[in-house]
Amino acid sequence: MLMQGFAGFLGLLYLAMVILAVVALVMAALFRDDAYRAADKQNKGFWLIILGIAVAVNLLVPMLFLQLAGLVASIVFFVDVRPALKQVSGGGFGRRRGGGSSSDGPYGPYNGGR
């Protein structure tokens, strides 16, 4: 009974690793290629290949070591690459977010010298 519970826990852990890798792959695909260069990270193709391999390994190869390598790649994307890409591209996937307008300067809105 204990082994059955442990197997269920490992199944959920593997599922979480697959979901994390797939989400990282989709997010990597949605950012523009020039954002990777502007953020001084590896290019978009590199991250798509690495994260695609992570997804394939998680789905096809039942070796924990390779799955952990894919997990590390996904975590690196989420904690290092994604925040840099969001900062460079103005908040997310190539569109401007937030309540600012196009006339906002670094210290607030520009009101024409009034």
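Predicted model, so just to flag it, every value in this text is computed and none were measured. One is the number of the first residue; the rest follow in order along the sequence.
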Step-by-step side-chain contact (heavy atoms from CB on, under 4.5 Å) determination, F31 to K86: CA-CA 9 Å; F31 281 105; K86 284 183 74 172; 3.8 Å; yes
For the residue pair [X] and [Y], what are the closest heavy atoms and their distance?
{"X": "V61", "Y": "Q67", "result": "O-NE2, 3.3 Å"}
{"X": "A38", "Y": "V88", "result": "CB-CG1, 3.4 Å"}
{"X": "L51", "Y": "A28", "result": "CD1-CB, 3.8 Å"}
{"X": "I50", "Y": "A73", "result": "CG2-CB, 3.6 Å"}
{"X": "L85", "Y": "A39", "result": "CD2-CB, 4.1 Å"}
{"X": "F77", "Y": "P83", "result": "O-CD, 4.3 Å"}

Same apolar cluster (I L V M F W Y, side chains within < 4.5 Å links), L10/L12: no
Do [X] and [Y] have side-chain heavy atoms sitting under 4.5 Å apart?
{"X": "L71", "Y": "L68", "value": "yes"}
{"X": "W47", "Y": "V76", "value": "yes"}
{"X": "L30", "Y": "V26", "value": "yes"}

Nearest 0.5 angstrom please: [X] [atom1] to [Y] [atom2], how far?
{"X": "N58", "Y": "L66", "atom1": "CG", "atom2": "CG", "answer": "9.5 Å"}
{"X": "L59", "Y": "Y14", "atom1": "CG", "atom2": "OH", "answer": "13.0 Å"}
{"X": "L25", "Y": "L20", "atom1": "CG", "atom2": "CG", "answer": "11.5 Å"}
{"X": "D34", "Y": "N43", "atom1": "CG", "atom2": "CG", "answer": "12.5 Å"}
{"X": "L60", "Y": "I53", "atom1": "CG", "atom2": "CD1", "answer": "12.0 Å"}

N/O donor-acceptor pair under 3.5 Å between Y36 side chain and V81 backbone: no
Expected output: side-chain K44 to main-chain R32 donor-acceptor under 3.5 Å: no
D40, CG: over 12 other non-hydrogen atoms inside 6.0 angstrom: no
